[in-house]
Amino acid sequence: MNQNVICIQDLSCFGKCSLTISLPVLSSIGLSVTPLPTALLSTHTGGLGKPYMLDLCDSMHEILNHWRELDLSVSALYSGYVSHAAQLNEISHLFSQYPDALHLVDPVLGDHGHLYASLSEELIWEMRRLCAKADIVTPNMTEAYALLQEPYCEGPYREGEIIRLLEKLYQMTQATILLTGVWLNNSELGCAIYEANQTPQLLMRERLPYHFHGTGDLFASAFLGAYLHQKALANACDIAMRFTTMSMEYSERHHADERYGLMFEPLLPQYISMCKQK
């Protein structure tokens, strides 16, 4: 049987992000993806006007009740954007239901120094609790400071500050930390890795002079796919960074509107090849 990944994220109908990224990326390398939508949105919330949004907390509860009757086989649980604090309680129970599955939490709280306006303080607090149940947590810099209840600090960052954040996030969660959006200078951008009993690692690539919506979702999805494909942690992280960078460059060459998301689909064969390389 193929590995089954439950993806717990919103479904934004237009503007690629969340489920419209994780479903094709993870499916492309032969994983079975079971979506658990947290909210239904007409578009994502980044620059496309005020979207229609339907909170699916009650639906999540009923879906999970039905799944419990089926005794599903689950290899990994991947949690992303949630729209209500109560949803995190449902996800926490799901994590407990599958203790042997890999638990990855992408704590989608904000970016570029700003938390999303729709998030309540209760949701941020519950997100901290969920991260403490994770095996791997993938915050960006904005989310790292929010999880630690510290004021956001603008980069470029000293390496010592990155290591301090990694150590504090690990102390809070006891999880492997992949800290994204790390930059020590204006020419590089990358990811910092902290594993228990291991020296922290910085993986850096060229910093591109443009932005696209959904890059965090693409990185986390590509990382998880590579990691479940038996790639070592740092190698899986490097594959995700390379695929995200390639997708940004391709989207820029084809003059894609950054609000509409990344044109990653034509590059899925390269991603598959990277995951299959020995």
Side-chain angles (χ1 to χ4, degrees), residues 4-29 31-57 59-60 63-64 76-88 90-91 94 103-112 114-119 123-124 126-127 130-131 134 136-140 142-143 178 180-181 211-225 228 240 243-244 247-248 251 256-265 268 271:
N4 182 25
V5 181
I6 295 180
C7 286
I8 312 161
Q9 302 171 335
D10 69 281
L11 176 58
S12 291
C13 297
F14 183 78
K16 283 176 280 188
C17 65
S18 305
L19 284 175
T20 53
I21 288 178
S22 59
L23 280 165
V25 169
L26 294 173
S27 297
S28 73
I29 55 169
L31 297 169
S32 294
V33 186
T34 301
L36 179 60
T38 59
L40 176 66
L41 293 89
S42 54
T43 70
H44 65 65
T45 59
L48 293 171
K50 185 177 180 180
Y52 166 79
M53 177 173 165
L54 177 65
D55 181 284
L56 297 178
C57 191
S59 299
M60 287 176 64
I63 290 169
L64 291 174
L77 296 140
Y78 167 21
S79 173
Y81 175 82
V82 299
S83 59
H84 195 282
Q87 295 175 349
L88 292 168
E90 295 283 357
I91 298 169
L94 189 61
H103 301 157
L104 185 149
V105 174
D106 185 8
V108 182
L109 299 173
D111 204 356
H112 304 299
H114 301 285
L115 298 181
Y116 299 129
S118 61
L119 303 184
L123 188 150
I124 298 171
E126 291 297 329
M127 183 66 78
L130 183 67
C131 287
I136 301 174
V137 182
T138 62
N140 61 34
T142 301
E143 291 155 353
L178 304 184
T180 64
H211 303 277
F212 283 92
H213 190 87
T215 54
D217 295 327
L218 188 65
F219 170 85
S221 299
F223 162 78
L224 179 59
L228 291 177
F243 181 53
T244 302
S247 299
M248 293 178 68
S251 301
D257 189 321
E258 66 181 35
R259 298 172 302 166
Y260 297 172
L262 291 158
M263 299 173 66
F264 65 89
E265 296 91 342
L268 284 172
Y271 172 64

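The basis for the numbers below is simple: all heavy atoms, side chains too, and nothing from hydrogens, waters or symmetry mates.
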Which atom pair, heavy atoms only, marks the closest approach of [X] to [Y]?
X	Y	result
Leu19	Gln9	N-OE1, 3.2 Å
Glu143	Leu109	OE2-N, 3.0 Å
Met60	Leu36	CE-CD2, 4.1 Å
Val82	Leu119	O-CD2, 4.4 Å
Ser42	Cys13	O-CB, 3.4 Å
Asp106	Ala220	OD2-CB, 4.0 Å

Checking [X] side chain against [Y] main chain: does a donor-acceptor pair fall under 3.5 Å?
X	Y	answer
Asn140	Gly110	yes
Glu126	Leu88	no
His44	Arg259	yes

Quick one about Ser251 and Tyr260 (side-chain donor to acceptor, distance below 3.5 Å, no hydrogens or angles considered), yes or no? no
Scan side-chain atoms only and decide if Ser32 and Asn4 contain a donor-acceptor pair under the 3.5 Å cut-off. no
Given Phe243 and Leu268, is the side chain to side chain contact (heavy atoms under 4.5 Å, CB included) satisfied, shown in steps? CA-CA 9 Å; Phe243 181 53; Leu268 284 172; 3.8 Å; yes
Show your working on side chain to side chain contact (heavy atoms under 4.5 Å, CB included) between Tyr116 and Val108 and close with a plain yes or no. CA-CA 9 Å; Tyr116 299 129; Val108 182; 3.7 Å; yes
Considering only heavy atoms from C-beta outward, does the side chain of [X] approach that of [Y] to under 4.5 Å?
X	Y	value
Leu218	Phe212	no
Leu26	Cys7	yes
Pro51	Phe14	no

Between atom [atom1] of [X] and atom [atom2] of [Y], what is the distance when rounded to the nearest 0.5 Å?
X	Y	atom1	atom2	value
Glu258	Thr215	CD	OG1	10.5 Å
Gln87	Thr38	CD	OG1	5.0 Å
Leu224	Thr138	CG	OG1	9.5 Å
Leu123	His84	CG	NE2	8.5 Å
Leu23	Ser28	CG	OG	11.0 Å
His103	Leu77	NE2	CG	5.0 Å

Report the residues that fulfil ring pair (Phe, Tyr, Trp, His ring centres under 6.0 Å) with Phe219, sequence neighbours left out, ordered by chain and then residue number. none
List the steps, then state whether side chain to side chain contact (heavy atoms under 4.5 Å, CB included) holds for Leu94 with Ile8. CA-CA 10 Å; Leu94 189 61; Ile8 312 161; 3.9 Å; yes
Provide the full list of side chain to side chain donor-acceptor pair (under 3.5 Å) pairs with a residue in residues 10-21, sequence neighbours left out, each pair given once.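 Passing the test, one end in residues 10-21: Asp10-Ser12, Asp10-Ser18, Lys16-Glu265.
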Full working for side chain to side chain donor-acceptor pair (under 3.5 Å) between Tyr271 and Ser247: CA-CA 10 Å; Tyr271 172 64; Ser247 299; over 6 Å; no
